[in-house]
Amino acid sequence: MRRLQAARGTPLNRGLPALLAVGVALLGLGADQASKGAVLGALTPGRPVEVVGTLLRFNLTFNPGAAFSLGTSMTLALSIFAIVALLACVFVALRRVRTLPQGLAVGLFMAGISGNLHDRLLRAPGPLLGHVVDFIQLPHFAIFNVADICITSAAVLVVLLSLRNPSSDGKGSERA
């Protein structure tokens, strides 16, 4: 009986999904910042290094904008948006996490947001105006980083979870 209650999200294990979210967020942030530190020490902007032929290369860039270098003149607004999004994850989403997949999604969002926010806060040209370090390049695609992978993975997971359990009236929401 106790295992059945634990599987259904009773107080016996309610903290586990949130704990998973925090752990994933910290691991993702660490991986993002470690990878950026490594490429900053090894690469020169404008001099790509082929990792897997032309399929995957490391190409160091500093992006003041968002995905696909959109909004390059809106760095301050993007920084403020990231702060608000991270606070929403911590104070709203984290409290509503009930399942391990939800915890994983929230953790990935927090990892990605905090990884790029770290750059915006602490890198040149200055606080809230810092440029995000991007370095992973695929053919005919934007240059991105580990934080971007975390955000994209979280978004895909949220879509998959919503397809798996599209009910928004609360019925059956314990299944996800």
Side-chain angles (χ1 to χ4, degrees), residues 16-91 93-94 97 100-160:
L16 191 57
L19 186 60
L20 173 66
V22 171
V24 166
L26 292 173
L27 286 172
L29 173 61
D32 177 66
Q33 291 303 306
S35 64
K36 290 173 180 175
V39 300
L40 285 170
L43 298 178
T44 303
R47 295 183 136 176
V49 174
E50 291 188 355
V51 178
V52 181
T54 58
L55 178 64
L56 172 66
R57 56 174 67 158
F58 289 163
N59 188 2
L60 180 60
T61 63
F62 299 93
N63 183 0
F68 303 101
S69 294
L70 298 173
T72 56
S73 64
M74 299 178 58
T75 307
L76 178 60
L78 292 169
S79 297
I80 292 168
F81 178 77
I83 292 168
V84 170
L86 185 59
L87 290 172
C89 284
V90 171
F91 293 109
L94 198 57
V97 167
L100 293 177
Q102 290 172 351
L104 179 60
V106 170
L108 287 168
F109 271 129
M110 291 192 307
I113 294 166
S114 62
N116 286 337
L117 180 59
H118 177 277
D119 290 3
R120 294 190 188 284
L121 292 174
L122 301 176
R123 296 200 191 277
L128 298 176
L129 300 173
H131 295 183
V132 173
V133 175
D134 287 329
F135 63 93
I136 303 168
Q137 184 176 20
L138 301 173
H140 314 292
F141 196 69
I143 302 174
F144 55 97
N145 59 43
V146 173
D148 298 332
I149 294 170
C150 290
I151 292 169
T152 303
S153 299
V156 168
L157 183 54
V158 166
V159 169
L160 291 174

**OP:** Could you tell me whether the side chain of Leu60 reaches within less than 4.5 Å of the side chain of Val133, counting heavy atoms only?
**Re:** yes
Contacts under 3.5 angstrom, residues 106-115 side chains, donor-acceptor by atom type, not counting sequence neighbours:
unit_1, atom_1, unit_2, atom_2, d
Ser114, OG, Met110, O, 2.7
Ser114, OG, Ala111, O, 3.2

Subject >> Gap between atom CG of Leu117 and atom CG of Leu29 - 0.5 Å precision >> reply: 9.5 Å
**OP:** Decide yes or no on side chain to side chain contact (heavy atoms under 4.5 Å, CB included) for Met74 and Ile80, but give the supporting numbers first.
**Re:** CA-CA 10 Å; Met74 299 178 58; Ile80 292 168; over 6 Å; no
Subject >> Leu20 side chain near Pro17 side chain, heavy-atom distance below 4.5 Å >> reply: no
Original post:
CG of Asp134 to CG of Asp148: how many Å apart, nearest 0.5 Å?
Top reply: 5.5 Å
**OP:** Measure the shortest side-chain to side-chain distance between Leu138 and Phe144 over non-hydrogen atoms and say whether it is less than 4.5 angstrom.
**Re:** yes
Subject >> Which atom of Val146 lies closest to which atom of Ser35, heavy atoms considered >> reply: CG2-OG, 3.4 Å
Original post:
What is the distance from atom CD of Gln137 to atom CZ of Arg57, rounded to the nearest 0.5 Å?
Top reply: 5.5 Å
Subject >> Pairwise distance CG(Leu129) to CZ(Arg123) - rounded to 0.5 angstrom >> reply: 15.0 Å
Original post:
Under 3.5 Å, side chain of Asn59 to main-chain N/O of Phe135, donor-acceptor pair present?
Top reply: no
Subject >> Taking every non-hydrogen atom, the tightest pair across Leu94 and Ala21 >> reply: CD1-CB, 3.5 Å
**OP:** Mind checking the CZ-CG spacing from Phe91 to Leu86? Nearest 0.5 Å is all I need.
**Re:** 9.0 Å
Original post:
Going by heavy atoms in the side chains, are His131 and Asn63 under 4.5 Å from each other?
Top reply: no
**OP:** Search all heavy atoms of Ala66 against all heavy atoms of Leu78 and return the closest pair with its distance.
**Re:** N-CD1, 3.6 Å
Subject >> Sequence neighbours excluded, every pair satisfying salt bridge (charged side-chain N to carboxylate O under 4.0 Å, His left out) that has a member inside residues 26-43 >> reply: Asp32-Lys36, Lys36-Asp119
Original post:
Is the CZ atom of Phe62 crowded by more than 12 outside heavy atoms at less than 6.0 Å?
Top reply: yes
Subject >> Side chains of Leu128 and Thr75 in contact at under 4.5 Å (non-hydrogen atoms) >> reply: no
Original post:
Measuring from Asn116:CG to Ser79:OG, what's the distance to the nearest 0.5 Å?
Top reply: 10.0 Å
